[in-house]
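Each chain gets a letter, A, B and so on, in the order the sequences are listed, and its residues count up from 1. None of the values given here were measured: they were computed from a predicted structure.
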Number of protein chains: 2
Amino acid sequence: MNSIRKQCCGGHQRTEDISAATDRLRSRDHKITGPRRGILEVLGKHRHPMTNKEILAALPTQECDLATVYRSIHLLLKMGLVQRFDFGDGIARFELVMDKAHRHHHHLVCTHCSKVIEIVDCFPEELEQKIASRNGFKSITHRLEFFGLCPDCHST
Amino acid sequence: MNSIRKQCCGGHQRTEDISAATDRLRSRDHKITGPRRGILEVLGKHRHPMTNKEILAALPTQECDLATVYRSIHLLLKMGLVQRFDFGDGIARFELVMDKAHRHHHHLVCTHCSKVIEIVDCFPEELEQKIASRNGFKSITHRLEFFGLCPDCHST
DNA sequence: ATCGCTGCAAAAATTTTGCAGGTAA
DNA sequence: TTACCTGCAAAATTTTTGCAGCGAT
């Protein structure tokens, strides 16, 4: 009944999610290397959409190349372990896919300080189906993000 | 009661919108030049989100530089005469703002052939307000785009 | 005549790719 | 060992900026 989850890094690693991800990688003949483990850990700790550069900067020992971050993210994206979000500034952001229940979700972003809050409310299913059938479309989904001024930014 | 407007270039220029735009520009000491008029006409004819490169390519005599398209679009964006949309591929797209009633709207994009249909259905107002107040946000809006397979692409 | 605008060119920022060597399995 | 992965470097894309000259008002 609560539309908010966690605003940011909860502190505790999402070890289950990360080991699930590494298992999935291994099962498809992909290797678990230092950079990949690091990237997964960064995404597991900061649980909000991050740019490739932010991911690189958050790596403990700056241990890999930006190109490797891009390549790893591509792989994780292709395997469905990571999801892309766009906040309207043209820079791609990525988030670790947790359990399936939260795979599809949205965000509320402060247009002033960029704070990000995860939102679980969603576009109404029946209306989406209406839109699909009215237009003869199938396999329809959506991307939805909210923008506004957070409490800190509109109170000053 | 109909969620679709026009799929693409309707053929007839939106002369009212374009002259309103040029008036607005002039009133703020901006000049109506060949490239600007051309860009406005292109946007008035192709009434769906276009990338800067597409706009350049659609200009009758290829009469201007890509940098000029970028600069003009920036200006039009700042003046609220043009709106930006993101279809999740990292390339910015722009559409001429028609009347205020259609200023805010969404699209249904075919993930296979990129066909774009304009959608007037919107995220429910009361739910948006709930999300805002639950999180203490103000001046909240949203970006919403739908993706799926169009009739042509899922029937084959 | 003035100030803004344009083209051209260069640069900045984001993302992709080639290749030789290194490493997980 | 073998196939995959990484770093480095270069390139491809998208977007921004500097500057001298042109052009709308």
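- A straight line from CE of B:Met79 to C1' of C:dG4 spans 14 Å, rounded to a whole angstrom.
- The base of C:dG4 has none of its N or O atoms less than 3.5 Å from a complementary donor or acceptor on the side chain of B:Arg71.
- Atoms CG (A:Asp86) and P (C:dT14) sit 14 Å apart, rounded to a whole Å.
- Of the charged side-chain nitrogens involved, at least one lies within less than 4.0 Å of a carboxylate oxygen, so that B:Lys115 and B:Asp152 count as a salt-bridged pair.
- Side-chain nitrogen and oxygen atoms of B:Tyr70 include at least one within less than 4.0 Å of the OP1 or OP2 phosphate oxygen of D:dT15.
- Both B:Asp65 and B:Ile32 lie close to DNA chain D; mapped to their nearest nucleotides by heavy-atom distance, the more 5′-ward contact belongs to B:Asp65.
- One atom, CG of A:Leu66, and another, P of C:dT15, lie 9 Å apart when rounded to the nearest Å.
- For A:Arg26 and D:dC4, the CZ to P distance is 16 Å, given to the nearest whole Å.
- Across all strands shown, A:Ala92 has heavy atoms under 4.0 Å from sugar-phosphate atoms exclusively, and none from any base.
- Listed candidates were C:dA9, C:dC5, D:dC4. Nearest to the side chain of B:Thr33 is C:dC5.
- Distance NZ (B:Lys31) to P (D:dC22): 15 Å, rounded to an integer number of Å.
- OP1 or OP2 of C:dT14 sits under 4.0 Å from a side-chain N or O of A:Lys53.
- In this structure, B:Leu75 places its CG atom 13 Å from P of D:dT16, rounding to the nearest Å.
- For A:Asp121 and B:Arg134, the salt-bridge test passes: some basic side-chain N is under 4.0 Å from an acidic carboxylate O.
- No option in A:Arg47, A:Gln83, A:His107 other than A:His107 meets the side-chain hydrogen bond (donor to acceptor under 3.5 Å, both in side chains) test with A:Glu95.
- Comparing D:dT6, C:dT16, D:dT14 against the side chain of B:Ile91 picks out D:dT14 as the nearest.
- Across the interface with DNA chain C, nearest-nucleotide mapping of B:Pro35 and A:Thr51 shows B:Pro35 to be the residue nearer the 5′ end.
- Using a 4.0 Å cut-off between charged nitrogen and carboxylate oxygen, B:Arg143 and B:Asp86 count as a salt-bridge pair.
- In this model, the phosphate group of D:dT16 is approached by a side-chain N or O of B:His74 to a distance below 4.0 Å at OP1 or OP2.
- Rounded to whole angstrom, the span from the CZ atom of B:Arg36 across to the C1' atom of D:dG23 amounts to 12 Å.
- Between B:Arg28 atom CZ and C:dC3 atom P there is a gap of 20 Å when expressed in whole angstrom units.
- In this structure, B:His106 has its ring center no closer than 6.0 Å to that of A:His142.
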